[in-house]
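Working notes for the structure below.
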Amino acid sequence: MHIDARTLEDGSLIEGDLCIVGAGAAGITMAVEWSGRSQKVILLEGGGFDLDPDLQNLYRSEIVGEPYFPLEAARLHFFGGTTNHWAGFSSIMDPIDFEWRPWVPHSGWPIGRDDVMPFYARAHEYLDLGPFEYDASFWAAQHADNVLLPLDDEAVWTKMWHFSTPTRFGKKYRAAVVDAPNVHLYTHANVTQIEANEPVTATDGLRVRTFEGKEHRVRARTYVLACGAIQNARLLLSSNERAPRGLGNQHDLVGRYFMEHIEMPGARLALTARRPMRMYQFHYPESRYPSGELALSAEAQRENEVLNGTCSFRNAPPADEPLQGMFDRVPPDAVERMRIVEERDRAAQDQTEETVEGAAEYPTQYELFTRQEQAPNPNSRVTLSSERDALGVPRTRLDWQLTDLDKRSIRRFYEIVGRETGRSGVARVQLLDWLTEDGWPSFLGGGWHHMGTTRMAASPREGVVDPDCKVHDLDNLFVAGSAPFVTAGAVNPTLTLVALTLRLSDHLTNTLR
Ligand SMILES: Cc1cc2nc3c(=O)[nH]c(=O)nc-3n(C[C@H](O)[C@H](O)[C@H](O)COP(=O)(O)OP(=O)(O)OC[C@H]3O[C@@H](n4cnc5c(N)ncnc54)[C@H](O)[C@@H]3O)c2cc1C
């Protein structure tokens with residue numbers, strides 16, 4: 001059932017069993033899981049079914065620290081959320097990503113990869129990712145040109161990626177949500193305040209505002225925040241009527257440990273002889289065929305005391321071409337970005353895999369493009385700005401901070417890749433100059449991935465949510481998405497965040513009867 005919150009009488013009270021705030025990848029997954037059940041589900045979405053520049057403007061933020069994408073272009077504020085323009089690159093985190101690593105301060109999840117693994121398989125279906133198969137030798141056997149580089153996998157291995165079409169959650173799941181009699185989707189329903197009870201031990205209700213000045217209240221037995229990592233932190237911090245530092249923030253942890261993936265060119269690779277490189281070629285957006293990246297083994301990470309990282313192969317640009325930064329090239333205009341993405345989606349649908357397979361000659365020169373986890377860092381954080389948005393909510397102030405370990409890990413990664421490709425006689429690798437210079441270059445880049453901000457920990461002194469994603473301080477408030485991530489791994493986050501949402505959904509099934 002769909003209700004436009006603007007059409008309700010001012011001051012309406014909306015009541016249900018489970019209330020989900022935000023209809024992006026996480027919120028829609030949760031709503032679909034709960035469709036057809038006996039409980040009444042309220043799904044609150046701040047936007048409508050299409051992009052609206054005024055609503056998008058609610059995301060405009062202050063950026064301090066490292067440069068970053070304008071947030072009003074980096075997240076989308078309408079039904080389907082940021083999946084309306086995500087790219088669909090997906091892979092699973094490694095067991096070591098969940099472990100405590102003595103050389104990575106603040107690492108270690110209270111759950112292991114085995115706890116998430118069954119949900120990864122289910123998440124694959126939500127994201128249309130094809131067979132749940134990550135063994136590179138399986139994919140190597142599928143095509144004569146799928147040849148693995150002969151490297152010592154004790155040091156460097158081939159990590160497989162799957163590519164979603166990319167699934168646009170707003171389009172794909174709209175009917176499933178709107179037609180479910182027990183799911184009540186409210187659009188144009190921006191949550192502006194989470195209200196706590198007097199002793200601040202539980203959530204009492206939510207305040208919802210529309211652009212037209214109406215204010216409604218929502219009451220449920222259980223609440224799930226699924227607004228994205230930055231907006232979840234913003235909402236908790238600005239819900240400060242009963243808890244001056246914000247909800248869930250007794251230990252000053254909400255908004256801290258904001259993480260991104262560091263994505264930028266790191267080296268050039270020259271093959272010593274022409275060989276089929278289909279296995280390592282990006283097939284996106286032409287096809288959904290999985291491909292591989294080189295990744296550092298867990299043993300090599302331990303031995304070298306570095307972070308997890310991978311690199312993809314891209315056709316090498318001319319050596320004298322200046323490298324361009326990502327952040328200042330992004331138009332802050334989300335409408336323009338959506339137009340580009342829709343065009344790309346249309347073009348991808350017209351392509352077939354044959355265009356890729358037709359390439360008889362594989363290049364010998366490549367740019368190695370880094371994708372590396374960022375070390376969890378309490379000083380990398382989301383706080384509130386003194387400026388407010390059109391609904392009266394303080395805007396976000398993003399202070400993205402990197403550490404020496406981040407840079408040292410990238411350099412060591414390419415040194416090991418160079419050593420291993422050299423030893424096997426396959427290729428020569430040349431590190432880019434910035435890796436041996438001080439600081440970060442102007443072409444520092446990120447993956448558009450927002451993680452951390454309400455990290456998971458067994459103890460409230462170390463994390464905002466517990467291993468079930470429940471806010472430690474509050475009995476009935478849960479967080480879905482990538483905000484509970486403790487570390488980022490070296491893979492894009494959406495598959496993992498959908499898997500964690502499915503895990504949370506199963507947990508709530510057992511508690512919300
Ligand atoms: C250009 C780009 C490319 C990307 N490519 C990839 C990729 O290849 N692979 C990958 O894994 N990830 C990728 N991502 C990241 C991916 O889009 C996100 O990880 C994912 O969408 C996050 O899902 P979410 O549900 O947590 O948040 P979102 O998808 O952002 O959804 C949050 C929802 O909450 C709503 N909302 C927010 N605040 C409120 C409020 N106060 N009240 C009510 N509703 C609210 C929003 O309108 C939105 O619908 C990409 C992102 C971008 C921008």
Side-chain angles (χ1 to χ4, degrees), residues 5 19-31 42-49 51-52 55-56 58-59 69-92 123 127 129 161-164 166-170 185-194 206-210 218 224-236 238-239 260-261 263 284-285 326 330 334 337-338 340-341 344 371 389 391 393 396 446-451 453 479-485 488-489 491-501:
C19 175
I20 306 161
V21 186
I28 290 181
T29 299
M30 181 69 84
I42 302 165
L43 175 58
L44 301 173
E45 169 51 47
F49 287 116
L51 191 139
D52 172 337
L55 288 166
Q56 199 56 38
L58 297 173
Y59 282 2
F69 300 111
L71 291 190
E72 64 274 30
R75 284 296 173 271
L76 290 175
H77 197 59
F78 64 103
F79 188 72
T82 311
T83 68
N84 286 299
H85 71 176
W86 80 311
F89 291 32
S90 306
S91 190
I92 55 177
L127 300 174
L129 289 173
W161 285 73
H162 287 260
F163 302 96
S164 173
T167 304
R168 308 268 173 237
F169 273 57
L185 164 68
Y186 290 83
T187 52
H188 294 276
N190 276 288
V191 174
T192 54
Q193 187 76 207
I194 306 166
L206 304 175
R207 227 175 286 150
V208 164
R209 281 201 188 135
T210 70
V218 180
V224 175
L225 287 187
C227 302
I230 292 182
Q231 300 305 320
N232 283 340
R234 177 188 183 195
L235 195 49
L236 285 167
S238 56
S239 295
E260 242 287 15
H261 288 117
E263 296 198 4
Y284 171 88
M326 278 187 192
V330 173
R337 273 200 55 76
M338 277 304 290
I340 297 167
V341 167
R344 199 178 60 193
R371 190 192 318 271
D389 69 17
L391 298 175
V393 181
T396 304
W448 308 83
H449 306 149
H450 304 164
M451 299 158 285
T453 74
V479 181
S482 49
F485 285 21
V491 295
N492 294 11
T494 309
L495 178 59
T496 303
L497 78 84
V498 170
L500 281 182
T501 303

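Just so you know, ligand 1 is whichever comes first in the structure, and atom 1 is the first atom listed for that ligand. Note that these values count all heavy atoms, side chains included, but never hydrogens, waters or copies made by symmetry.
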Could you walk me through whether Asn232 and His450 pass the side-chain contact (heavy atoms from CB on, under 4.5 Å) test, one step at a time? CA-CA 11 Å; Asn232 283 340; His450 304 164; over 6 Å; no
Tyr59 and Leu76: side-chain contact (heavy atoms from CB on, under 4.5 Å), yes or no, with the steps? CA-CA 9 Å; Tyr59 282 2; Leu76 290 175; 6.0 Å; no
Tell me, with the steps shown, if Phe78 and Asn84 meet side-chain contact (heavy atoms from CB on, under 4.5 Å). CA-CA 9 Å; Phe78 64 103; Asn84 286 299; 3.3 Å; yes
Between Arg234 and Asp389, is a salt bridge (Lys or Arg N to Asp or Glu O under 4.0 Å) present by the stated rule, with each step listed? CA-CA 12 Å; Arg234 177 188 183 195; Asp389 69 17; 2.7 Å; yes
Can Arg371 and Asn492 be said to form a side-chain contact (heavy atoms from CB on, under 4.5 Å), step by step? CA-CA 9 Å; Arg371 190 192 318 271; Asn492 294 11; 3.1 Å; yes
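Between Leu206 and the choices Leu235, Thr192, Ile194, the side-chain contact (heavy atoms from CB on, under 4.5 Å) rule is met once, by Ile194. Just one residue in the list Leu236, Val21, Asn190 forms a side-chain contact (heavy atoms from CB on, under 4.5 Å) with Cys227, and that residue is Val21.
Contact annotation: the side chain of His261 approaches that of Met451 to within less than 4.5 Å [non-hydrogen atoms, C-beta and beyond]. No side-chain heavy atom of Trp448 sits under 4.5 Å from any side-chain heavy atom of Thr82. Residues Ile92 and Val491 form no side-chain contact, since every pair of their non-hydrogen atoms from C-beta on lies 4.5 Å or further apart.
Distances from ligand 1 to the non-hydrogen atoms of Leu55 include no value under 4.0 Å. No heavy atom of Ser482 sits closer than 4.0 Å to any atom of ligand 1. At least one heavy atom of Ala226 sits closer than 4.0 Å to an atom of ligand 1.
When only interatomic distances are considered, the shortest N/O to N/O separation between Trp86 and ligand 1 does not fall below 3.5 Å. Considering backbone and side-chain N/O atoms, Ala26 comes within less than 3.5 Å of an N/O atom of ligand 1. Every N/O-N/O distance between Leu495 and ligand 1 stays at or above 3.5 Å. Among the atoms of Val191, some N or O lies under 3.5 angstrom from an N or O of ligand 1. Geometrically, ligand 1 and Gly88 share a nitrogen or oxygen pair separated by less than 3.5 Å.
Interface atoms of ligand 1 facing Thr83, defined by a heavy-atom separation under 4.0 Å, are 21 (O). Short contacts between ligand 1 and Ala189, defined as distances under 4.0 Å to a heavy atom of the residue, involve ligand atoms 42 (N), 43 (C). Contact atoms of ligand 1 toward Phe89: 7 (C), 8 (O), 9 (N), 10 (C), 11 (O) (distance under 4.0 Å to a heavy atom of the residue). Proximity to His77 (heavy-atom distance under 4.0 Å) selects the following atoms of ligand 1: 36 (N), 37 (C), 38 (N), 39 (C), 45 (C), 46 (C), 47 (O). Heavy-atom contacts of Ala25 reach the following atoms of ligand 1: 23 (O), 25 (O), 29 (O) (cutoff under 4.0 Å). Close approach to Ala23 involves these atoms of ligand 1, each under 4.0 Å from a residue heavy atom: 33 (C), 34 (O), 49 (O). With ligand atoms numbered from 1 in the order given, ligand 1 contributes 29 (O), 31 (O), 48 (C), 49 (O) to contacts under 4.0 Å with heavy atoms of Gly81. Shown in contact with Gly24 at under 4.0 Å from a heavy atom are these atoms of ligand 1, numbered in order with element: 25 (O), 29 (O), 31 (O), 33 (C), 49 (O).
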Which pairs of donor and acceptor atoms, one on a side chain in residues 42-49, lie under 3.5 Å apart (sequence neighbours left out)?
unit_1 : atom_1 : unit_2 : atom_2 : d
Glu45  : OE1    : Ala23  : N      : 2.9
Glu45  : OE2    : Gly47  : N      : 2.8

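Within the 4.0 Å heavy-atom criterion, neither part of His450 lies near ligand 1. With a 4.0 Å cut-off on non-hydrogen atoms, Phe78 touches ligand 1 through its backbone and not its side chain.
Checked by atom type and distance alone, the side chain of Trp86 pairs as donor or acceptor with a backbone atom of Thr167 at under 3.5 Å. In this structure, Glu72 contributes its side chain and Gln56 its backbone to no donor-acceptor pair below 3.5 Å. Remark: the backbone N or O of Gly81 is not paired with any side-chain donor or acceptor of Thr83 at under 3.5 angstrom.
Taking atom 5 (N) of ligand 1 as the reference point, the nearest protein heavy-atom neighbour is Ala87 N, 3.0 Å. Here the heavy atom of the protein found nearest to atom 22 (C) of ligand 1 is Leu497 CD2, 3.8 Å. Of the protein's non-hydrogen atoms, the one nearest atom 52 (C) of ligand 1 is Trp448 CB, 3.5 Å. Of the protein's non-hydrogen atoms, Thr494 OG1, 2.9 Å is the one closest to atom 19 (O) of ligand 1. For atom 46 (C) of ligand 1, the nearest non-hydrogen atom of the protein is Tyr59 OH, 3.3 Å. With respect to atom 29 (O) of ligand 1, the closest heavy atom belonging to the protein is Thr82 N, 2.9 Å. Ranking protein heavy atoms by distance to atom 1 (C) of ligand 1, first place goes to Arg337 NH2, 3.3 Å. Taking atom 47 (O) of ligand 1 as the reference point, the nearest protein heavy-atom neighbour is Glu45 OE2, 2.6 Å.
The option with the heavy atom closest to atom 32 (C) of ligand 1, from among Ala483, Gly22, Ser164, Cys227, is Cys227.
A distance of 10.5 Å separates OG1 in Thr396 from CG in Leu58, rounded to the nearest 0.5 Å.
Partners of Thr29 under the side chain to side chain contact (heavy atoms under 4.5 Å, CB included) rule, at least two apart in sequence or in another chain, are Tyr126, Phe169, Val498, Thr501, Leu502.
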